[in-house]
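All remarks here apply to the structure that follows.
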Amino acid sequence: MKKYSSLKEIQTLISQKQLTLTDLLAYYFKQIAANEHLNAFNEVFFYSAEVQAKAVQQKIENGTAGKLAGMVIGIKDNICYKDHIVTASSKMLDGFVSPYSSTVVQRLLQEDAVIIGRLNCDEFAMGGSNETSYFGPAKNAANPALVPGGSSGGSAVAVQADMCLAALGTDTGGSVRQPAAFCGQIGLKPTYGRISRYGVIAYASSFDQVGPITSSVEDAALLLQVLAGADDYDSTVSPLEVPDYPAHLGEHKKQKIAVLKETIESDALDPEIKSAILKSIDDLKAQGHTVNDVSFDLLDYLVPAYYILTTAEASSNLSRYDGVHYGHRNTEAKSLTELYKHSRAEGFGEEVKRRILLGTFVLSAGYYDAYYQKAQQVRRLIREKMDILFEEYDLVLSPVAPTAAFKIGDNVQDALVMYMADIFTVLPSLSGNPAIALPLGNNSEGLPLSIQFTAKHFEEDKLLAFSQAFLSS
């Protein structure tokens, strides 16, 4: 059986009686078993997925099925699904059963998607390679010796290896886009506030956004349409009307595109990625798009500002996991202080501890003004500079990651190397703009390459329409 390219293909086959949803689910279960060595799933929802598939198949036959009927989707293991375990790939939450569903899960189920399982990720979404997971690293299907990217590594691998049609990840500083890039998939980070974060285990609340990883732009557009929009449970969600994203995909207009010169000229950028991007720029010009180099002189401040702000928010968000309110509890502590210390020492992995410590430091008396407040000011400058850029340009072009996927174990011991790998993805995260990672063929070793486009706030319709045209040209 060949890989299904899109939900439209599946729905056509179902309508022609060539496929049933239960057959499709059995196919994906078989794919998961065949790719177990990739460690993409922390848990497969065999029972609930089968129940859901049978119910949706009945709706299809009755003519009452929702927009996502036929979509088998995985969710990152930091997204709550009622009566299912959610752990954020951490020992701290091992075995925790969610008492409620996140808004994104509710919206998937309302439109009759079938949720097949929870996907491996970096612990509490903190990492860029999926190596900080309590359940071990997910592995890249292109070469299992390589990382799939992170933190939504399992989500990217599951789509890459045809274990589900699509997956949800979360993107704080590139955690949807970078793994999508490493695995040759499409990864969309919507505008901050476009999708509800209710029921998503927080890392850094002013950055976190749920986003889809898919094989087709059509599926990304449809998922965004279903997931986006106001939510009474999340006051940070925009009340703006949600466009019909799939309907806009045919609008192939000529765009004015800014290329961030410093990102292409960066010494850190792999020569093969640079070459592929430069060829894409030539192709875009040949197609009639206006493509100009622009300077972005704040590039050196992106990673420091991002890590100061996100670790500060992580320090606050993760304080609830203390062995009393939530999470793993040490059973041998003799005092409350010991309980806190031992529970956290045992429950959190090294990278999470590092970020909590860093965040606590930058928020502490005497350092708050020097670090946290200064980083907030830099964030404001970055957003203002992007707003000015978008007064003249429709889209901004840049790489996704400096390199293709690297070997498991190569960089995980060097935190600075890992943090600097986020240099190209954190810009849209700091400014809150929507951004997408699109496949750009493979390098000489057969590994996926990628390119990133960023758009104005809440202009995902234009971003997706352009992405459709870019990939079909």
Side-chain angles (χ1 to χ4, degrees), residues 4-15 19-25 28 45 48-76 79-84 98 100-119 155 158-159 164-170 176 186 188 190 194-200 209-234 237-249 460-461 464:
Y4 297 105
S5 62
S6 67
L7 178 60
K8 186 177 181 180
E9 180 190 355
I10 289 171
Q11 288 179 336
T12 300
L13 291 170
I14 291 174
S15 69
L19 182 69
T20 68
L21 201 40
T22 46
D23 290 340
L24 181 64
L25 193 62
Y28 283 126
F45 300 148
S48 64
E50 284 184 355
V51 170
Q52 181 73 1
K54 287 175 183 174
V56 174
Q57 182 65 39
Q58 192 62 53
K59 284 187 176 183
I60 291 170
E61 291 167 10
N62 295 342
T64 59
K67 292 176 184 174
L68 299 181
M71 178 172 281
V72 177
I73 190 167
I75 57 173
K76 187 175 179 177
I79 298 173
C80 292
Y81 182 8
K82 187 176 181 180
D83 298 329
H84 291 74
S98 178
Y100 68 99
S101 286
S102 60
T103 296
V104 290
V105 163
Q106 288 175 337
R107 291 181 179 177
L108 288 176
L109 296 176
Q110 282 166 4
E111 293 295 341
D112 292 327
V114 173
I115 300 174
I116 195 169
R118 56 187 174 95
L119 295 158
S155 298
V159 180
C164 54
L165 181 66
L168 292 190
T170 60
V176 162
I186 294 161
L188 173 67
R194 182 77 282 191
I195 293 177
S196 173
R197 292 180 295 106
Y198 175 73
V200 178
Q209 267 296 272
V210 173
I213 295 176
T214 62
S215 296
S216 73
V217 175
E218 301 99 291
D219 288 352
L222 184 57
L223 279 167
L224 182 61
Q225 187 189 20
V226 167
L227 299 175
D231 179 22
D232 290 342
Y233 294 104
D234 182 355
V237 179
S238 170
L240 289 175
E241 186 181 343
V242 178
D244 185 344
Y245 296 112
H248 288 279
L249 291 181
E460 287 88 350
D461 51 345
L464 288 162

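Note that these values count all heavy atoms, side chains included, but never hydrogens, waters or copies made by symmetry. Not measured: the values here are computed from a predicted model.
Judged as a side-chain hydrogen bond (donor to acceptor under 3.5 Å, both in side chains), and not counting sequence neighbours, Q209 has no contacts. Checked against side-chain contact (heavy atoms from CB on, under 4.5 Å), V210 has the following partners two or more places apart in sequence or in another chain: V104, L168, T170, I195, V200. Qualifying salt bridge (charged side-chain N to carboxylate O under 4.0 Å, His left out) partners for R194, counting only residues two or more places apart in sequence or in other chains: none. Here T22 pairs with T20, A53, K54 under the side-chain contact (heavy atoms from CB on, under 4.5 Å) rule; sequence neighbours left out. By the side-chain contact (heavy atoms from CB on, under 4.5 Å) test, N62 pairs with Q58, T64, sequence neighbours left out. Listed by chain and number, the residues in a ring-ring contact (aromatic ring centres under 6.0 Å, His included) with F45 are Y81, H84 (sequence neighbours excluded). Residues forming a side-chain hydrogen bond (donor to acceptor under 3.5 Å, both in side chains) with S101 (at least two apart in sequence, or on another chain): none.
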(request) Would you check, one step at a time, whether the test side chain to side chain contact (heavy atoms under 4.5 Å, CB included) holds for D231 with R107? (result) CA-CA 11 Å; D231 179 22; R107 291 181 179 177; 4.0 Å; yes
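Looking at heavy atoms from C-beta onward, E50 lies in side-chain contact with L25 at the 4.5 angstrom threshold. Looking at heavy atoms from C-beta onward, L464 lies in side-chain contact with L249 at the 4.5 angstrom threshold. You'll find the side chain of V105 stays beyond 4.5 Å of the side chain of C80, heavy atoms only. Between Y4 and L19, some side-chain heavy-atom pair lies under the 4.5 Å cut-off.
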Tell me which donor-acceptor pairs under 3.5 Å the side chains of residues 219-228 have, and how far apart each pair is, sequence neighbours excluded?
from, atom 1, to, atom 2, distance (Å)
D219, OD1, L7, N, 3.1
D219, OD2, L7, N, 3.2
D219, OD2, S216, OG, 3.3
Q225, NE2, D244, OD1, 3.4

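Taking a 6.0 Å sphere around OH of Y100, one finds it holds more than 12 heavy atoms contributed by other residues, nucleotides or ligands.
Shown here for C164 and G74, the closest heavy-atom pair between the two residues is SG-N, 3.8 Å. Heavy-atom minimum distance, A230 versus V237: CA-CG1, 3.7 Å. The minimum heavy-atom distance between Q52 and A113, with the atom names listed, is NE2-O, 3.3 Å. The minimum heavy-atom distance between S102 and G199, with the atom names listed, is CB-O, 3.4 Å.
For the pair D234 (side chain) and S196 (backbone), a donor-acceptor distance under 3.5 Å is absent.
Here the CG-CD distance, from L68 to Q11, works out to 8.0 Å after rounding to the nearest 0.5 Å.
Screening residues 58-67 for salt bridge (charged side-chain N to carboxylate O under 4.0 Å, His left out), with sequence neighbours left out, gives K59-D112.
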